[in-house]
Protein chains: 2
Amino acid sequence: MSVGIRHDDLRRRNRAMVISAVRRAGQPSRTEIAATTGLSHSTISAISSDLIAEGILAQSKASEAGSLKRGRPQVGLTLNPEAAAVMTVVLSLNFLSVAVIDYAGHVVAEEQRRLTTLTLSRDELVGECVSIVRRRLEDPDLDVRSVARIALGIQGITDSHARAMLWSPITPLTDIPFADILEREFGIPATMENDCNMMAVALRWRDPERYRDDFIAILLSHGIGMGLVLKGELFTGTHSSGGEFGHMIHRPGGALCRCGRRGCVEAYAGNYAIWRNAMQLGEDAEPTDVGDAEMRALAARARETDGPEREAYRKAGEALGYGLGSLFALIDPAPVAMVGVSAAAFDLIEPSLREAIAQTAGGQHSKSISFDTEPNELPLIREGCAMRALTFVDQEIFAPGAPVRTTATAMASHELA
Amino acid sequence: MSVGIRHDDLRRRNRAMVISAVRRAGQPSRTEIAATTGLSHSTISAISSDLIAEGILAQSKASEAGSLKRGRPQVGLTLNPEAAAVMTVVLSLNFLSVAVIDYAGHVVAEEQRRLTTLTLSRDELVGECVSIVRRRLEDPDLDVRSVARIALGIQGITDSHARAMLWSPITPLTDIPFADILEREFGIPATMENDCNMMAVALRWRDPERYRDDFIAILLSHGIGMGLVLKGELFTGTHSSGGEFGHMIHRPGGALCRCGRRGCVEAYAGNYAIWRNAMQLGEDAEPTDVGDAEMRALAARARETDGPEREAYRKAGEALGYGLGSLFALIDPAPVAMVGVSAAAFDLIEPSLREAIAQTAGGQHSKSISFDTEPNELPLIREGCAMRALTFVDQEIFAPGAPVRTTATAMASHELA
DNA sequence: CTCTTTTTTTCGAGCCTCAAAAAAATCCTG
DNA sequence: CAGGATTTTTTTGAGGCTCGAAAAAAAGAG
């Protein structure tokens with residue numbers, strides 16, 4: 001049963017409010033914050049002077065540009081970049097990348113590393129992650145002692161508590177509690193996030209106009225993934241990261257999917273599916289890894305001549321269209337962002353996709369559904385992880401006088417409960 | 001952007017907390033409430049004495065039964081039945097039923113009426129609803145001047161603001177803003193709810209052990225509908241009532257659905273679909289209305305001999321199974337309640353349903369998914385509407401000193417803003 | 001240099017919640 | 001049957017929080 005609101009929660013929540021207003025608006029004045037939060041000027045004034053004293057916010061005198069107004073000029077409030085830092089760890093096929101991000105959201109350090117994720121043992125894979133994090137934390141060039149949170153992003157299924165990877169296409173291993181491992185190793189709170197969810201978080205951050213309360217991010221890559229934002233909140237399953245759009249059933253008993261079942265959307269629209277259809281290997285052909293370059297070449301051939309390559313993309317579009325149609329029957333249509341290497345071939349996919357959607361319940365407004373494409377998923381995933389981690393820090397710094405792990409500028413008096 | 005918490009919100013929310021605790025627990029003591037809400041005894045004491053003074057709660061001396069404990073005996077708090085009343089209006093095929101329910105949730109009056117919904121004009125249909133409500137409101141036998149809210153339930157699609165019926169199988173008419181109409185006519189706040197959503201609300205209320213945070217209610221009747229509760233909240237679409245499970249695509253380009261499209265789950269599992277398959281009329285046969293008695297006879301024949309009737313139920317199970325499988329790919333498996341006349345034939349449906357689910361991503365734990373059946377949807381819908389309306393009243397009575405529309409026992413001093 | 005305008009801070013009032021103590025209501029024990 | 005023992009409920013005082021109004025601050029306009 002949901003719990004009552006205590007008196008001290010009030011301040012905590014309103015501090016949260018102010019911080020997130022600053023994070024979103026960039027450099028809002030106190031007056032602006034009062035307007036967006038609906039709180040009184042006095043409250044905003046009190047809270048922001050607290051936050052400034054604690055080193056979380058900073059004043060940026062110049063309100064820039066059009067300061068042509070009469071009256072006392074507004075004072076912009078900004079996030080103090082030194083208030084804290086977060087680290088993102090993105091693990092994808094044969095690739096591990098880490099970045100350190102300051103509290104204002106700027107990358108201050110990064111490191112990338114190639115490795116063969118498919119063949120590494122459990123200890124090796126975990127070891128690689130731990131050691132790359134350690135290297136960044138121990139970097140003498142940089143004061144990263146203030147890293148307050150780590151967000152890991154991984155392709156695959158994570159649990160709903162954001163603690164563990166349950167399954168991933170990048171490794172045969174399962175159930176690795178990465179978040180717990182890093183947390184124990186470094187004593188820094190960590191979470192394990194699903195790649196497509198992070199894509200959605202990043203899109204919302206990049207373009208809040210377009211991706212606001214309801215939208216869908218679909219990863220078109222080796223596999224098919226989805227990140228879903230409904231009513232302004234990331235939609236996750238009840239036990240897992242959820243939203244396994246790629247494994248909705250397109251054709252019962254149909255083509256062989258990488259997951260071992262038959263007829264999933266992915267078995268028609270994943271890179272391997274497009275590839276085997278283009279090569280006319282049959283729908284039961286074992287899924288194989290196809291490089292990005294090869295996929296781009298395939299798309300080029302499909303654009304050139306009307307052969308099996310084009311047909312393969314047509315089938316992918318059909319599967320995606322019917323899948324989206326079923327999804328739209330459940331959640332109402334919403335803007336869609338197509339991300340990943342096959343999003344660059346969206347011109348080949350779109351016609352049959354729209355045709356299929358038009359055959360479904362969600363297709364009533366088929367024409368009004370808009371698609372956007374973004375061929376490169378990695379930057380999005382990292383941005384999403386960064387925002388996710390920073391938001392956690394925002395939430396934790398609220399606890400008055402009990403900043404989780406901040407720089408010396410913040411008061412470090414009280415201890416954690 | 002979400003809004004800050006004002007100081008007076010605090011009291012309002014905590015009052016809400018207390019009221020809902022009483023509604024859920026039936027007759028909790030103050031101490032019990034303090035425990036479940038996490039608020040202090042003093043706060044609960046203050047709030048509940050306010051609520052008693054306002055006539056919203058009442059004390060029931062006897063804590064009944066096992067009062068064998070030492071110490072000062074607990075005083076049970078109950079909802080004052082006279083604090084307010086609500087009305088439910090359930091509109092289904094050829095049937096209109098109304099009930100008046102007191103604040104404690106007991107039916108105090110009802111009226112039912114047969115009519116031919118499919119042929120009534122817009123004005124006639126609206127007129128029937130208005131006049132049946134008026135009759136109940138003007139009933140001299142009963143003091144129903146305190147009706148504080150009306151909840152309408154209807155089969156079909158409603159808008160997400162719960163104002164209008166957008167589409168319904170019980171009438172060819174569309175876009176009727178029932179809630180606005182009743183609200184204007186009687187000056188009583190009203191909402192328009194989707195039938196399956198109300199089924200879900202009622203199930204949760206009936207059996208909170210089983211139907212708690214995540215579950216699915218599926219209506220197996222003429223059409224196929226769904227009510228979905230995720231993370232303790234009713235899941236609705238962003239524009240409409242959403243959850244059009246029946247119109248997820250089972251077989252692209254497949255059987256003709258009542259909605260005019262092809263291959264929907266409903267086109268295999270709706271009553272008309274089972275009927276036409278059993279009668280071997282072909283998958284393109286025009287959907288026809290089939291009576292409940294005929295469906296029961298059909299089920300009996302299917303149980304008797306292994307003929308086309310049994311095959312029709314098998315196909316229905318397959319469609320439902322693949323549909324559920326796709327759904328479970330998105331939201332993780334959850335307990336399912338099958339409601340409606342065909343739920344009584346679930347024994348015929350279950351085998352192929354489970355087999356189909358096992359072929360899907362959600363089917364990993366296929367065996368652990370549990371199904372419950374309830375052949376009669378109408379009582380559930382009415383109960384759901386009642387709870388929904390009462391919950392609204394709970395929310396509105398919170399506003400301190402501004403009860404929306406209560407009996408004379410409640411202080412009626414302040415006016416609405 | 002003074003007036004106007006706008007932003008920000010200060011201050012007192014009014015609530016709200018909380019912890020601790022007091023009061024109330026019953027059972028238990030000798 | 002009186003005096004604990006025990007548990008629930010109410011009372012009380014303290015501390016916080018937000019709010020509105022007023023004051024202070026910081027410019028531009030004339």
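Computed from a prediction, not measured in an experiment: that's the story for all the values here.
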Rounded to the nearest 0.5 Å, how far does [atom2] of [Y] lie from [atom1] of [X]?
X	Y	atom1	atom2	value
A/L390	A/W205	CG	CH2	8.5 Å
B/D214	B/D332	CG	CG	8.5 Å
B/Q395	B/I19	CD	CD1	9.0 Å

When the distance from [atom1] of [X] to [atom2] of [N] is rounded to whole Å, what number comes out?
X	N	atom1	atom2	answer
A/H7	C/dG14	NE2	P	16 Å
A/L51	C/dT9	CG	P	12 Å
B/L10	D/dC17	CG	P	12 Å
B/Q59	C/dA25	CD	P	11 Å
B/Q74	D/dT7	CD	P	11 Å
A/R12	D/dG16	CZ	P	17 Å
A/D9	D/dG16	CG	P	16 Å
B/I33	D/dT8	CD1	C1'	13 Å

Exercise for review: For A/S48 and for B/A46, find the nucleotide of DNA chain C with the closest heavy atom, then tell me which residue's nucleotide is more 5'.
Suggested key: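 Result of the comparison: A/S48.
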query = Taking the nucleotide of DNA chain C with the closest heavy atom to each, which residue, A/E32 or A/I5, is nearer the 5' end?
reply =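 Result of the comparison: A/E32.
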Please state whether the phosphate of [N], meaning OP1 or OP2, lies under 4.0 angstrom from any side-chain nitrogen or oxygen of [X].
X	N	answer
A/S45	C/dT9	yes
B/R6	D/dC19	yes
A/R72	C/dT5	no
B/N14	C/dC16	no
B/T43	C/dC16	no
A/R11	D/dT18	yes
A/R70	C/dT7	no

Residue B/Q59 excluded, over 12 heavy atoms near CD under 6.0 Å | yes
Taking everything shown except B/R210 itself, do over 12 heavy atoms lie less than 6.0 Å from its CZ? yes
Would you please classify the geometry between the B/H7 ring and the A/H7 ring as parallel, tilted or perpendicular, with 30° and 60° separating the classes?
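Judged by the thresholds at 30° and 60°, the geometry between A/H7 and B/H7 is tilted.
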Report the residues that fulfil side-chain hydrogen bond (donor to acceptor under 3.5 Å, both in side chains) with B/R6, sequence neighbours left out, ordered by chain and then residue number.
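Residues passing side-chain hydrogen bond (donor to acceptor under 3.5 Å, both in side chains) with B/R6: none at all.
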Passes salt bridge (charged side-chain N to carboxylate O under 4.0 Å, His left out), A/E54 versus A/R15? Steps please. CA-CA 12 Å; A/E54 291 169 34; A/R15 280 166 64 101; 2.7 Å; yes
Between A/G71 and A/S40, whichever has its closest DNA chain D nucleotide further toward 5' is A/S40
So which protein nitrogen or oxygen atoms get under 3.5 Å of nucleotides 20-22 of chain C's nitrogens or oxygens?
none

